2 protein chains.
Amino acid sequence: MNESFKALADPTRRQIIRLLREKDRSAGEIADYFKMSKPSISHHLNALKHAGLVQDERHGQFIMYSLNTTVLEEVLGWLLELTGTGKQNEPEVHFNKEAEEK
Amino acid sequence: MNESFKALADPTRRQIIRLLREKDRSAGEIADYFKMSKPSISHHLNALKHAGLVQDERHGQFIMYSLNTTVLEEVLGWLLELTGTGKQNEPEVHFNKEAEEK
DNA sequence: TATATATTTAGATAATTATTTAAATATCGA
DNA sequence: TCGATATTTAAATAATTATCTAAATATATA
């Protein structure tokens with residue numbers, strides 16, 4: 001969850017996500033949309049993959065990336081819980097100084 | 001928008017948001033929930049404020065913080081656009097190498 | 001098999017962000 | 001007005017992240 005939020009915190013990575021929403025694309029095809037070097041894009045793709053936001057699969061020479069909307073929906077869920085209709089003063093948040101977010 | 005995502009990328013700041021969802025709280029009250037120093041919490045509160053996610057208002061000695069759900073809903077909107085039902089291959093994303101995210 | 005293409009990994013550096021202690025500012029209440 | 005409380009700002013440092021070039025790996029194809 002923390003990884004997802006961190007991955008979404010970068011504008012390049014958010015643009016990559018939008019590109020992948022349209023269709024699956026190879027690493028090089030993605031890189032062509034940016035002025036950044038290919039290794040940098042590779043690094044961003046890795047961050048997205050590590051967060052579970054995208055998946056990759058080799059097809060011959062190419063490595064195709066695709067979006068994993070499941071994780072995006074988890075993030076969405078977290079936000080909905082906050083803005084969420086109704087439950088305005090309902091579910092108490094309980095954590096102590098040691099507590100970590102799941 | 002970028003500021004919002006960056007603000008949400010930190011677990012301490014997300015916990016602060018959850019605390020403020022319950023009710024408005026003073027800076028000190030918020031700081032008591034964490035083992036971090038007060039200046040650090042002040043810094044995080046500033047990041048949230050800068051992103052427009054929270055507002056502050058002085059009440060005598062205390063400075064009360066409250067949640068601004070409007071900005072959270074904008075973030076929510078961004079995510080909904082991606083996971084969004086229906087419009088699967090509809091709105092083309094068009095940006096060039098110079099383009100900045102609004 | 002040698003060469004070209006696609007992509008990642010390594011290593012270095014620059015930039016950003018988080019954190020702390022100490023000091024400054026503001027308000028309250030005796 | 002003075003001392004206590006609440007909070008922020010400043011300055012320094014540590015930790016993390018982003019970026020680049022060069023090198024390594026994997027696959028395709030002539």
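As the structure is a computational prediction, the values presented were derived from the model and not from experiment.
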Query raised in the report: Is there a donor-acceptor contact under 3.5 Å from the side chain of Ser26(B) to the main chain of Glu29(B)?
Result: yes
Query - Length of the CG-P vector between Asn2(A) and dT16(D), whole Å - result: 12 Å
Query - Within one Ile-Leu-Val-Met-Phe-Trp-Tyr cluster: Leu20(B) and Met64(B), side-chain cutoff 4.5 Å - result: no
Requested in this report: Show the numbers, then the answer: is there a side-chain contact (heavy atoms from CB on, under 4.5 Å) between Ile17(A) and Leu8(A)?
Outcome: CA-CA 9 Å; Ile17(A) 288 177; Leu8(A) 288 168; 3.6 Å; yes
Query raised in the report: Is the shortest side-chain N/O distance from His44(B) to OP1 or OP2 of dT19(C) below 4.0 Å?
Result: yes
Query - Separation of atom NE2 in His59(B) from atom P in dC28(C), rounded to whole Å - result: 12 Å
Query - Flag, side chain of Arg13(A) to backbone of Ala7(A), donor-acceptor distance under 3.5 Å - result: yes
Report task. Starting at atom NZ of Lys6(A), determine the distance to atom C1' of dA15(D), rounded to an integer number of angstrom. Result -> 11 Å
Query raised in the report: In whole Å, what is the span from the CG atom of Leu48(A) to the P atom of dT17(D)?
Result: 14 Å
Hey, what are the protein-to-nucleotides 5-9 of chain D N/O distances that come in under 3.5 Å?
from	atom 1	to	atom 2	distance (Å)
dT5(D)	O2	Gln61(B)	NE2	2.8
dT7(D)	OP1	Ala27(B)	N	3.3
dT7(D)	OP1	Ile63(B)	N	3.4
dT7(D)	OP2	Gly28(B)	N	2.6
dT8(D)	OP1	Tyr65(B)	OH	2.5
dT8(D)	OP2	Ser42(B)	OG	3.0
dT8(D)	O5'	Ser42(B)	OG	3.3

Query raised in the report: Trp78(B) and side chain to side chain contact (heavy atoms under 4.5 Å, CB included): which partner among Leu82(B), Leu80(B), Leu76(B)?
Result: Leu82(B)
Requested in this report: Please check the phosphate of dC20(D) (OP1 and OP2 only) for any side-chain N or O of Ser37(A) closer than 4.0 Å.
Outcome: yes
Requested in this report: Assess whether side-chain contact (heavy atoms from CB on, under 4.5 Å) is satisfied between Glu3(B) and His50(B), documenting all intermediate values.
Outcome: CA-CA 7 Å; Glu3(B) 290 303 309; His50(B) 189 241; 3.3 Å; yes
Contacts under 3.5 Å, N or O only, protein and nucleotides 1-3 of chain D:
none

Query raised in the report: Are any side-chain N or O atoms of Asn68(B) and backbone N or O atoms of Gly52(B), one a donor and one an acceptor, separated by less than 3.5 Å?
Result: yes
Report task. Please name the residue in the list Phe62(A), Tyr33(A), Tyr65(A) that meets the side chain to side chain contact (heavy atoms under 4.5 Å, CB included) test with Arg25(A). Result -> Tyr33(A)
**Report entry** Minimum heavy-atom distance between Asn2(A) and Pro11(B), given as atom pair plus value
**Finding:** OD1-CD, 3.7 Å
Query raised in the report: To the nearest angstrom, how far is Asp10(A) atom CG from dT17(D) atom P?
Result: 11 Å
Report task. Answer with base, sugar-phosphate or nothing: what part of the nucleic acid does Lys49(B) contact at a heavy-atom distance below 4.0 Å? Result -> nothing
